[in-house]
Amino acid sequence: KDSKLSSERYAKWGDKHVARIRLTEDQDMTSSEGLKYALDALAEYPPNTPVFLWGSLPCTAGSRWQQVNRFQSKNFAQRMNYLMSQFKKLFRNFMTLATEVNLRGGGGIVFEWPSYCALWHNRNIIRMVKKFGLELVKLNGCMVGLRSSKGVPVYKPWTLKTDVPSVLEAFQNRKCD
């Protein structure tokens, strides 16, 4: 919700102003109303306007912590069912938006998750990567300014899959020593 990716720092793409549309839990992107909100926001721009869709869906269902939770939580199966249901709804709506962005042309798609999110192996994610020809770039948080509350660099490994060459270029070699 408070992502720095939609801050004023990213208000331009080259010398062009960029419209930044935040889609958070406030819009409930699991719902048809949330999807309508997003599609209506896109429709405000002429069809030839480049649109860049940056997806960062919750990866809770694919977190390594689920391996621990499996053995420690009495409600693990119920919780995983809920998380996977949420993921499927969010992903379905993300794919609708990604298809719209792809059809417009001139823009691009970026999908981001922690590198060790097990959902990278989900068949729907694999199909998306193939459908849009997304390429992989891996990076570490410490190389893009991620810091703890005490100012210590945070290693956090991320993976981006994108069809935007400048994103690939900007984030390659952003790994901690």
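Here the structure is a predicted model, which means the values were calculated and not measured.
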What's the separation between atom [atom1] in [X] and atom [atom2] in [Y], rounded to the nearest 0.5 Å?
X      : Y      : atom1 : atom2 : value
Thr162 : Glu112 : OG1   : CD    : 11.5 Å
Glu135 : Leu168 : CD    : CG    : 5.0 Å
Arg174 : Gln172 : CZ    : CD    : 10.0 Å
Leu90  : Asp28  : CG    : CG    : 8.0 Å
Leu160 : Lys138 : CG    : NZ    : 10.5 Å

Any chance you could lay out the side-chain contact (heavy atoms from CB on, under 4.5 Å) test for Lys156 and Tyr116, step after step, and finish with the verdict? CA-CA 10 Å; Lys156 188 173 182 174; Tyr116 299 111; over 6 Å; no
Pairs flagged by disulfide bond (SG atoms under 2.5 Å apart) wherever residues 22-117 is involved - sequence neighbours left out: none
Decide side-chain contact (heavy atoms from CB on, under 4.5 Å) for Leu146 and Tyr155; before the verdict, give the C-alpha distance in whole Å, the side-chain angles of both, and the deciding distance to 0.1 Å. CA-CA 8 Å; Leu146 184 63; Tyr155 170 72; over 6 Å; no
Contact summary for Cys176 and Met143, nearest pair of heavy atoms: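 Nearest heavy atoms, Cys176 then Met143: N-CG, 3.6 Å.
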What's the shortest heavy-atom distance between Arg147 and Pro153, and which atoms? NH1-CG, 2.6 Å
Would Trp158 and Trp113 count as a close aromatic pair, with their ring centres under 6.0 Å? no
Are [X] and [Y] joined in one hydrophobic group, where the rule is that I, L, V, M, F, W and Y side chains link up if heavy atoms are under 4.5 Å apart?
X      : Y      : result
Met29  : Leu39  : yes
Tyr45  : Leu35  : yes
Val144 : Val164 : yes
Leu134 : Leu136 : no

Is there side-chain contact between [X] and [Y], with heavy atoms separated by less than 4.5 Å?
X      : Y      : result
Leu97  : Leu23  : yes
Ser148 : Val154 : yes
Thr159 : Trp120 : yes
Lys161 : Val110 : no
Arg79  : Leu83  : yes

Output every pair passing side chain to side chain donor-acceptor pair (under 3.5 Å) with a member in residues 81-108, not counting sequence neighbours, ordered by first then second residue.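 Only Thr99-Lys131 qualify under side chain to side chain donor-acceptor pair (under 3.5 Å).
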Got a sec, which residues hit side-chain hydrogen bond (donor to acceptor under 3.5 Å, both in side chains) with [X], two or more places apart in sequence or on another chain?
X      : result
Thr60  : none
Asp40  : Lys36
Arg127 : Asn124

Could you tell me whether a side-chain N or O of Asp163 sits under 3.5 Å from a main-chain N or O of Gly108, the two making a donor and an acceptor? no
Between Gln66 (side chain) and Ser63 (backbone), is there a donor-acceptor pair under 3.5 Å? no
Going by ring pair (Phe, Tyr, Trp, His ring centres under 6.0 Å), name the pairs with one or both residues in residues 91-110, residues two or more places apart or in two chains.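 The answer is Phe87-Phe91, Phe94-Phe111.
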